[in-house]
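Encoded as structure tokens, the structure appears first; notes follow it.
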Amino acid sequence: MVRVLKELRPENTIPFEMPTHCPVCGQPVVREKGEAVTRCVNISCPAILKGSIEHWVSRNALDIRGMGEKVVHQLVDKELVNSVADLYELTEDTLANLERMGQKSAQKLIEAIEKSKSKPWSRVLYGLGIRHVGSSIAQTVTEKFDSVDKLAAAKVTDIEAIYGIGVEIAESIYKWFRIEANQTLIERLKNQKLQFIEIQSAASSNISKKLEGKTFVVTGTLPSLSRDEAKELIQKFAGKVSNSISKNTDYLVVGENAGSKLTKAEKLGIAQLSEEQLLEMVNS
DNA sequence: GAGCCTCGAGATCT
DNA sequence: CTCGAGGCTC
């Protein structure tokens, strides 16, 4: 890709101009120190909005099924949605009027939006799209700050005190909560009954570490668990999940239509488990 | 029934 | 990232 561009250029002498304004909304862009790129920081820029909504609905965030790229773009372009909080005020009829959407899809989508309200605080935090806060950091942060109110009130040094979190992330979170638009967003989402407090279920607070020290890889289609559910289950019991087979893999959980991972595991003589056997390991 | 959209899975690289 | 399957609209 880069090579092609160079070849197309008559001489390699044309300097690449760093954009000073957002190509989509025309607002000035900002370059953070130490970064090689500029970013649009206009919170109502359509491009930023689309990105943040796509992130909010994504698998590891609020997991709103049926809300794909096309739907998000339509909602933003028609100005039906100006922030993620607006998603919770959409009606079935509004959705059914979108291109390529019928009553049935609209109904399913409304259900998926409703369902997202029960997603845990860690996913909500990840969904907010704070710079440097990915799903793993969000998980770590919510283990120490079990509600937004506590996190919003925390000083940089409080956040930085968490093992595995440095100044950069701590400052990023701290700054995010000082922005007024973000504060009102949180208020709206609270009223819409999103989860901002970690519910300590009796099961998770006192769970055994049965799989501690073991590394798993999942392949194929399992009879009842989805891939992510299987991963979550393993992690819940302190096991590690990897995406590829290596000498360090302890078990391969095998489902229907397993591919090259099974072949490789056989070659390395790695123990195999069925979904049923995995469940037995954690339930025994 | 064709085409559109979303989603899961494997492969591959970093 | 790319492919293919499945569900839904039109």
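Note on naming: letters A, B, ... go to the chains in the order of the sequence lines (proteins, then strands), and numbering restarts at 1 for each one. Just so it is clear, the structure is predicted and the values come from calculations on it, not from any experiment.
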**Prompt:** Are any of A/Arg100's side-chain N or O atoms less than 4.0 Å away from OP1 or OP2 of C/dC8?
**Reply:** no
**Message:** In the structure I gave you, are the side-chain heavy atoms of A/Lys190 and A/Asp149 within less than 4.5 Å of one another anywhere?
**Reply:** yes
**Message:** Using a heavy-atom cut-off of 4.0 Å across all strands, would you classify A/Ser226 as base, sugar-phosphate, or nothing?
**Reply:** nothing
**Message:** If we check side-chain contact (heavy atoms from CB on, under 4.5 Å) with A/Val124, which of these qualifies: A/Thr142, A/Val148, A/Leu62, A/Ile186?
**Reply:** A/Leu62
**Item:** Euclidean distance, atom NE2 of residue A/His73 to atom C1' of B/dC4 [Å, nearest integer]
**Value:** 16 Å
**Fill in**
Checking C/dC8, B/dG10, B/dG8 against the side chain of A/Arg65 (C-beta onward), the nearest is B/dG8
**Message:** Whether A/Arg59 contacts B/dT6 is assessed here as follows: a side-chain N or O lying under 4.0 Å from the phosphate OP1 or OP2. Is that the case?
**Reply:** no
**Item:** Pair A/Lys50 + A/Asp77, salt bridge at N-O below 4.0 Å
**Value:** yes
**Request:** Please check the phosphate of C/dC8 (OP1 and OP2 only) for any side-chain N or O of A/Lys108 closer than 4.0 Å.
**Result:** yes
**Asked** Among B/dG10, C/dC8, B/dA9, which nucleotide sits nearest the side chain of A/Thr221?
**Response** B/dA9
**Request:** Choose from B/dT6, B/dG10, C/dT9 the nucleotide whose nearest atom is closest to any side-chain atom of A/Lys104.
**Result:** C/dT9
**Asked** Taking CG from A/Leu109 and P from C/dG7, how many angstroms apart are they, rounded to a whole number?
**Response** 17 Å
**Request:** Round to a whole Å and report the spacing from CG of A/Asp228 to C1' of B/dG10.
**Result:** 15 Å
**Prompt:** Does A/Gly68 offer a backbone N or O that forms a donor-acceptor pair with the side chain of A/Glu54 under 3.5 Å?
**Reply:** no
**Euclidean distance, atom CD1 of residue A/Ile245 to atom C1' of B/dA9 [Å, nearest integer]** = 15 Å
**Prompt:** When the distance from CG of A/Asn243 to P of B/dT14 is rounded to whole Å, what number comes out?
**Reply:** 17 Å
**Item:** Interatomic distance, A/Lys70 NZ vs B/dC4 P [rounded to whole Å]
**Value:** 9 Å
**Complete:** Atom CD of A/Glu54 and atom P of B/dC7 are separated, to the nearest Å, by 11 Å
**Message:** Closer than 4.0 angstrom, basic N to acidic O: yes or no for A/Arg188 and A/Asp86?
**Reply:** yes
**Complete:** With the side chain defined as heavy atoms from C-beta on, A/Ser105 is closest, among B/dG10, C/dC8, B/dG8, to C/dC8
**Request:** Measure from CG on A/Leu262 to P on B/dA11 and round the result to the nearest Å.
**Result:** 11 Å
